[in-house]
Amino acid sequence: MTAVHLEILKEDTRTRARLGKLHTPHGVIDTPVFMPVGTQGTVKTITPEEIKEIEAGIILSNTYHLFLRPGHELIKEAGGLHRFMNWDGAILTDSGGFQVFSLGDLRTIKESGVEFRSHLDGSSQFLSPEIATQVQMALGSDIVMAFDECAPYPCTHKYAKDSLERTTRWLKRCKETLTTTDTQALFGIVQGGMYEDLRRQSAAEIIELDLPGYAIGGLSVGEPKDLMYEVLDYTVPLLPREKPRYLMGVGSPDALIEGVMRGVDMFDCVLPTRIARNGTAMTRYGKVIIRNAGSAHDFGPIDPTCDCYTCRNYSRAYIRHLIKAEEVLGLRLMTIHNLRYLQNLMKEIREAIKEDRLPEYRQKCFSDYGYI
Ligand SMILES: Nc1nc2c(CCc3ccccc3)c3nc[nH]c3cc2c(=O)[nH]1
Ligand SMILES: [Zn+2]
């Protein structure tokens with residue numbers, strides 16, 4: 001069984017970007033990589049075959065949601081999440097900490113864990129480092145995220161310090177709980193808010209545990225993008241060069257490129273699939289709000305440069321009609337397009353690294369997209 005590890009093929013000469021391959025028990029994934037989110041054991045509206053067709057090799061899912069429904073014991077009974085959802089690619093699961101804060105109602109943080117009310121039925125629930133790790137063991141995900149607290153933005157230096165120190169203590173409890181380390185990799189999550197001294201402290205404490213990979217958490221929580229880039233500038237270099245680095249919750253084209261240039265290998269974001277379902281398409285020339293009247297008589301594809309199933313077979317006019325008529329096919333076609341667009345963007349980024357032209361690619365991408 002292949003343990004999770006990163007094979008670095010090339011390090012960029014002018015930026016911190018790396019070209020690599022992430023080896024997992026469920027396949028090898030080219031990096032830098034964007035990972036589609038499948039919160040409830042499905043990338044909403046599309047099948048595993050369609051996920052393969054857009055060439056995504058790893059998807060994300062959520063401890064919080066699957067713990068509440070249908071329950072991790074049921075999924076274990078089904079043979080694990082891969083079997084349950086008929087997906088034989090790689091799976092990374094978040095630990096639930098972030099979702100408790102962004103979804104749960106009325107939660108209380110204690111040293112032992114977090115008490116919260118389920119967003120489904122208001123029932124009182126409890127997640128701890130041990131439980132979150134046991135759930136992910138039952139799901140059988142290839143990459144297990146540590147149970148952490150994503151500090152709110154903004155927050156005081158004292159709050160961020162107390163929180164990161166508890167997150168480190170929780171990480172040690174996750175590591176002690178994970179008994180399937182030969183098939184499941186535990187990634188630590190660096191916290192520390194927007195404070196350089198605290199990010200340095202969190203990174204130092206976490207890399208001491210010598211884990212297979214590290215995530216940068218506590219970002220993409222409403223802070224200005226420039227502040228996120230500044231935190232990345234001093235945080236990413238603290239992480240071991242040879243281990244994969246995962247920036248949580250980041251997925252707009254500009255942020256993906258800026259993150260790659262700062263040495264990040266893995267990204268996720270719910271936005272591309274979420275905006276797809278409300279009729280907004282991502283194209284190399286910026287976002288197109290397909291549901292707007294402008295597309296009503298447009299019989300061309302969403303993006304003529306896109307090779308996805310949607311752009312090869314359907315017009316903007318038809319997709320707009322489906323969205324307006326609230327036809328499920330509209331959601332599916334938009335999702336297929338947005339996810340393929342991001343896979344193609346990452347492919348172009350990898351090509352640019354390979355050919356030593358990433359800064360130039362960034363310039364062209366930004367001007368095409370209208371950022372500059
Ligand atoms: N555990 C954790 N998750 C975060 C997510 C969810 C990513 C996720 C993983 C898997 C599935 C869905 C979402 C964040 N999203 C935006 N910013 C984020 C920060 C954190 C964080 O600090 N810790
Ligand atoms: Zn397309």
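Counting convention: from 1, in listed order, for ligands and their atoms alike. All residue numbers in this chain count up from 1 along the given sequence. Given the structure is predicted, the values throughout are model-derived calculations rather than measurements.
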| note | Under 2.8 Å from the Zn ion (ligand 2), the protein N, O or S atoms found are Cys306 SG, Cys308 SG, Cys311 SG, His337 ND1
| What protein heavy atom is closest to atom 11 (C) of ligand 1, reported as residue, atom name and distance in Å? | Asn62 ND2, 3.6 Å
| remark: among protein heavy atoms, the one nearest atom 21 (C) of ligand 1 is Asp148 OD2, 3.6 Å
| Member of Glu149, Glu111, Glu205 meeting the salt bridge (Lys or Arg N to Asp or Glu O under 4.0 Å) criterion with Arg166 | Glu149
| message | Nearest non-hydrogen contact with atom 17 (N) of ligand 1 belongs to which option: Leu219, Val100, Leu60? | response | Leu219
| request: Have a look at Cys150, Gly249, Gly218 and point out the one with the heavy atom closest to atom 15 (N) of ligand 1. | output: Gly249
| Closest approach of Met228 and Ala255, non-hydrogen atoms and distance? | CE-CB, 4.1 Å
| When you check the side-chain N and O atoms of Thr133 and Gln136, is any donor under 3.5 Å from an acceptor? | no
| message | Please tell me whether Ser118 and Gln125 have a donor and an acceptor in their side chains that are separated by less than 3.5 angstrom. | response | no
| said: Suppose I only count heavy atoms of Ile189 and a 4.0 Å limit; which atoms of ligand 1 are within that range? | reply: 1 (N)
| task | Decide whether the shortest distance between a heavy atom of Tyr246 and an atom of ligand 1 is less than 4.0 Å. | result | yes
| query | Are Asp12 and Arg18 within salt-bridge range, i.e. N to O under 4.0 Å? | reply | no
| Do any nitrogen or oxygen atoms of Asp268 lie less than 3.5 angstrom from nitrogen or oxygen atoms of ligand 1? | no
| For the residue pair His321 and Tyr318, does the interplanar ring angle fall in the parallel (under 30°), tilted (30 to 60°) or perpendicular (over 60°) class? | tilted
| field | Minimum-distance protein heavy atom relative to atom 8 (C) of ligand 1 | value | Asp94 OD2, 3.6 Å
| request: Ignoring hydrogens, just give me the one of Phe147, Tyr64, Phe98 whose non-hydrogen atom is nearest atom 20 (C) of ligand 1. | output: Phe98
| query | Can a cation-pi geometry be assigned to Lys52 and Trp87, taking NZ or CZ under 6.0 Å from the six-membered ring centre and within 45° of the ring axis? | reply | yes
| said: Is Glu149 close enough to touch ligand 1? Criterion: a residue heavy atom under 4.0 Å from a ligand atom. | reply: no
| Should Lys76 and Glu73 count as an ion pair when the cut-off is N to O under 4.0 Å? | no
| Which one holds for Leu92 and ligand 1: side chain close, backbone close, both close, or neither close, with close meaning a heavy atom under 4.0 Å? | neither
| request: Quick one: sort the Tyr309 and Tyr314 rings into parallel, tilted or perpendicular, breaks at 30° and 60°. | output: perpendicular
| Just heavy atoms, cut-off under 4.0 Å: does Met145 contact ligand 1 by side chain, backbone, both, or neither? | neither
| request: Could you tell me how the ring of Phe116 sits relative to the ring of Tyr64: parallel (under 30°), tilted (30 to 60°) or perpendicular (over 60°)? | output: tilted
| query | Do Tyr159 and Pro152 have side-chain heavy atoms sitting under 4.5 Å apart? | reply | yes
| said: Using a 4.0 Å cutoff against the non-hydrogen atoms of Gly217, which atoms of ligand 1 qualify? | reply: 21 (C), 22 (O)
| In Å and rounded to the nearest 0.5 Å, what is the CG to CG distance from Leu9 to Leu19? | 5.0 Å
